[in-house]
Amino acid sequence: MTSRVRHCARLGIVVLGIFCIVSGIYLFRNWIEMFTRMRGKEMALGPTSRSFDGWKVSPLPLNFDVYLFNWTNPEDFYVGSSKKPRFEQLGPYRFREQPDKVDIDWHNQNYSVSFHKKSWFYFDAAGSNGSLSDIVTQVNSVAHAAAKRAADNWVGRNVVNFANKLLSQRVSVTKTVDEMLFKGYEHPIVNFGKLVTPQEVPFKRIGFQYGRNGSVDFDGHINMFTGADDIAKMGQIHTWNNLTHTGAFEGTCGQVRGSMGEFFPPNLNTNGSVYMYMPKMCRAIPLDYTETVTVHGVTAYKFSGTEHAVDNGTKFPETSCYCVGGKCMPSGVINIGPCAFNASVYMSFPHFYMADPSFLEAIEGLQPDREKHEFFMTLEPNAGVPMDVGGGFQANYYMEPVPQITLYENVPRVMIPMMWAEERVRVSEEIAADIALVPLFVLLGQIVTGILLAGGLICTCWYPTRKVTHFCHSDPKAKANVLRPLTAFGVNSAAVTAPVAQLFRNNTSSAGNDRVGVRLLEYNRGSGVRGESGITESSPRERLISEDSPDVIVR
């Protein structure tokens with residue numbers, strides 16, 4: 001191989017190394033974004049996409065668990081009573097949920113889809129702690145709401161007082177669990193109201209889940225993004241009932257935003273939050289990162305409801321817009337009256353978990369526990385796919401005195417718990433294995449990046465390293481010739497040139513070999529220079545090693 005060919009080959013290897021380094025740096029900075037775009041083209045929601053079937057009908061069994069609070073001493077509920085309101089939790093009453101998406105309409109102009117959610121609920125007696133015929137006593141929220149509506153009107157107050165007496169109303173109402181939930185029950189105040197002002201009473205029966213079974217209107221009309229133009233928008237709600245702002249709360253608190261629960265933004269980090277839109281609360285709930293966990297061997301980020309989710313300006317100023325009419329409760333409960341016919345309904349975490357202690361101090365029977373009452377979403381961070389979901393919210397009624405309404409003139413101010421419900425679902429091992437492919441591809445990209453960087457460094461540094469190694473193993477004479485110019489680099493001549501010239505000198509032995517004599521300096525602690533017998537010294541401070549010395553190198 002000629003020197004020119006060798007030179008071109010060496011240059012080509014160096015250029016290849018530089019190319020690998022540049023490619024590695026580019027992948028290091030952009031691989032996740034590149035993979036996200038590729039995955040987006042494959043997974044974006046569409047009528048023929050891979051994600052459509054699992055989105056339309058959940059492939060996982062869904063359990064809907066409901067807990068009711070039985071009020072055991074409503075007869076002691078009056079100002080001056082020595083007893084606090086006492087409650088016992090009943091349930092869970094488990095229902096198997098079969099959800100579906102109906103009335104699906106695709107909007108290609110803004111890459112969104114509109115639909116209604118429709119669910120059927122079937123009672124699971126084996127998975128329940130109790131039966132639907134259990135008796136439960138709760139606050140008579142209908143009578144109290146009617147009293148508050150009529151409080152500012154003399155005629156209205158008299159009508160309500162007459163109706164309460166005629167219909168034998170009390171501060172509490174007792175019904176079966178079935179009536180309290182899906183079946184509902186007729187309330188005499190509702191029937192009376194429909195006769196007097198039918199336009200103000202849009203319902204016939206009362207029940208926490210009444211009208212939900214098989215309904216397409218319970219959660220409203222939803223429009224969300226498909227992610228076809230940007231995978232980060234997939235599953236994010238665009239409008240609810242054709243609104244981008246609910247009007248229930250002021251400012252950002254009333255904005256329609258967040259996930260509908262099936263998809264979350266990809267490439268999550270531990271410094272941020274995710275939002276989940278809750279139609280029945282007319283707001284988005286923030287979930288903050290709390291810890292990293294594993295689900296079926298897949299690393300996931302756990303985002304939980306914290307004090308931030310149920311604050312109203314007490315601890316987080318930006319949440320002050322959840323105060324309705326300028327009235328703010330202590331932290332831990334959210335007024336959803338504007339979303340519930342202006343009733344005094346407040347949402348909290350179950351058992352007033354993470355709420356102000358005053359709510360628990362006013363009643364008896366509730367015991368908050370993080371393991372049981374935390375609301376969380378565990379997400380695979382690269383894909384933003386839910387792996388484990390749990391927790392729920394509690395509905396409470398704020399009881400307060402109503403002047404000149406006989407039934408409620410002498411009641412204390414208390415936040416009364418009514419019920420809470422939760423849905424818990426965890427992906428199967430098979431689905432987890434499919435989800436695990438996403439972080440695997442991310443890891444493979446990082447490995448390829450590392451190989452490119454390592455290979456590039458090797459190719460780029462190969463020839464210089466080879467030259468240095470060859471020089472280190474060359475003969476001393478060649479190294480001396482290479483280094484000789486460096487010994488006098490930057491030094492001005494006369495004072496240094498002579499000693500340097502004497503440092504290396506050439507002698508010819510009888511065999512014709514070159515000898516290199518090395519001049520040593522010997523110092524004596526007392527007199528400076530120490531002489532040795534048999535050695536001729538060329539100056540008071542120097543001597544030359546003799547030819548017979550073992551320190552002489554003979555070539």
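Judged purely by distance below 3.5 Å, without hydrogens or angles, the side chains of Ser215 and Asp217 never pair a donor atom with an acceptor atom. Asn382 and Glu380 form a side-chain donor-acceptor contact under 3.5 Å, judged by distance and modelled atom types alone. Between the side chains of Ser358 and Asp356, at least one donor N or O sits under 3.5 Å from an acceptor N or O. Between the side chains of His221 and Asn241, no donor N or O sits under 3.5 Å from an acceptor N or O. Inspection of the Asn242 and Thr239 side chains reveals no N or O donor paired with an N or O acceptor under 3.5 Å. There is a side-chain donor-acceptor pair under 3.5 Å between Ser331 and Asp311. With hydrogens and angles left out, the side-chain atoms of Thr252 and Gln255 include no donor and acceptor closer than 3.5 Å. Side-chain contact annotation: Tyr408 with Asn164, donor-acceptor N/O pair under 3.5 Å absent. Using modelled atom types, one finds a donor on one side chain and an acceptor on the other under 3.5 Å when comparing Gln394 with Asn396. Counted by atom type alone, Gln89 and His351 present one or more donor-acceptor pairs between their side chains at under 3.5 Å. Between the side chains of Ser114 and His107, at least one donor N or O sits under 3.5 Å from an acceptor N or O. In the model, Thr319 has no side-chain atom that pairs as donor or acceptor with a side-chain atom of Asn312 under 3.5 Å.
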Let's go through Asp288 and Ser273 carefully: what are the C-alpha distance in whole Å and the side-chain angles of both, what is the deciding distance for side-chain hydrogen bond (donor to acceptor under 3.5 Å, both in side chains) to 0.1 Å, and is it a yes or a no? CA-CA 5 Å; Asp288 302 326; Ser273 303; 2.5 Å; yes

Is there a side-chain contact (heavy atoms from CB on, under 4.5 Å) between Glu88 and Thr72? Walk through the geometry before answering. CA-CA 7 Å; Glu88 62 176 354; Thr72 62; 4.0 Å; yes

Begin from the C-alpha positions of Glu364 and Lys83 and carry the test salt bridge (Lys or Arg N to Asp or Glu O under 4.0 Å) through to its verdict. CA-CA 9 Å; Glu364 294 179 349; Lys83 298 181 180 179; over 6 Å; no

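Proximity of Ile363 to Arg86: side-chain heavy atoms (C-beta onward) are nowhere separated by under 4.5 Å. Counting heavy atoms from C-beta on, the side chains of Val177 and Leu181 come closer than 4.5 Å. For the pair Leu379 and Val274, the minimum side-chain heavy-atom distance is below 4.5 Å. For the pair Tyr277 and Met260, the minimum side-chain heavy-atom distance is below 4.5 Å. Side chains of Asp124 and Phe95 form no contact here, defined as non-hydrogen atoms less than 4.5 Å apart. The closest side-chain heavy-atom distance from Phe263 to Gln236 is not below 4.5 Å. Considering only heavy atoms from C-beta on, Met278 comes within 4.5 Å of Phe393 through its side chain. Using a 4.5 Å heavy-atom cutoff, the side chains of Met377 and Lys302 are not in contact.
Partners of Asp65 by side chain to side chain contact (heavy atoms under 4.5 Å, CB included), not counting sequence neighbours, listed by chain and number: Asn63, Tyr67, Pro92, Arg94, Glu422.
Distance NE2/His296 to CG/Asp388: 8.0 Å, rounded to 0.5 Å. Atom CZ of residue Phe225 and atom OG of residue Ser112 lie 6.5 Å apart, to the nearest 0.5 angstrom. How far CH2 of Trp71 is from OG1 of Thr137: 9.5 Å, rounded to the nearest 0.5 Å.
A salt bridge links Arg370 with Glu374: at least one charged nitrogen is closer than 4.0 Å to a carboxylate oxygen. Between Asp100 and Lys118, none of the side-chain N atoms (NZ, or NE/NH1/NH2) sits under 4.0 Å from a carboxylate O, so this pair counts as no salt bridge.
Remark: Lys84 is not positioned above the aromatic ring of Phe77, lacking an NZ or CZ atom under 6.0 angstrom from the ring centre and at most 45 degrees off the axis. Geometric assessment of Arg424 against the ring of Phe64 yields a negative cation-pi assignment under the 6.0 Å and 45° thresholds.
Counting only distance, with no hydrogens or angles, the side chain of Asn73 and the backbone of Glu75 share no donor-acceptor pair below 3.5 Å.
Between Phe352 and Phe359, the two ring planes are parallel [angle under 30°; tilted spans 30° to 60°]. The aromatic rings of Tyr322 and Phe249 sit perpendicular, their planes meeting at an angle over 60°, well past the 30° parallel limit.
Each of Phe303, Tyr289, Phe375, Phe316 was scored for a ring-ring contact (aromatic ring centres under 6.0 Å, His included) with His308, with one residue passing: Phe316.
The minimum heavy-atom distance linking Pro99 with Leu62 is given by the pair CG-CD1, 3.6 Å. Taking each heavy atom of Val402 and Ala147 in turn, the nearest pair found is CG1-O, 3.7 Å. When all heavy atoms are compared, the tightest approach of Ala44 to Ser49 is O-CB, 3.1 Å. Contact record, Ser348 with Gly332: CB-O, 3.3 Å, taken as the closest heavy-atom pair. Considering every non-hydrogen atom in both Thr406 and Asn161, the closest pair reads N-OD1, 3.0 Å.
Heavy atoms from other residues, nucleotides or ligands lying under 6.0 Å from OH of Tyr210 number more than 12.
In summary, the aromatic rings of Phe192 and His187 are positioned with their centroids too far apart to meet the 6.0 Å limit.
Each salt bridge (Lys or Arg N to Asp or Glu O under 4.0 Å) pair with one or both residues in residues 249-273, not counting sequence neighbours, appears once here: Lys101-Glu262.
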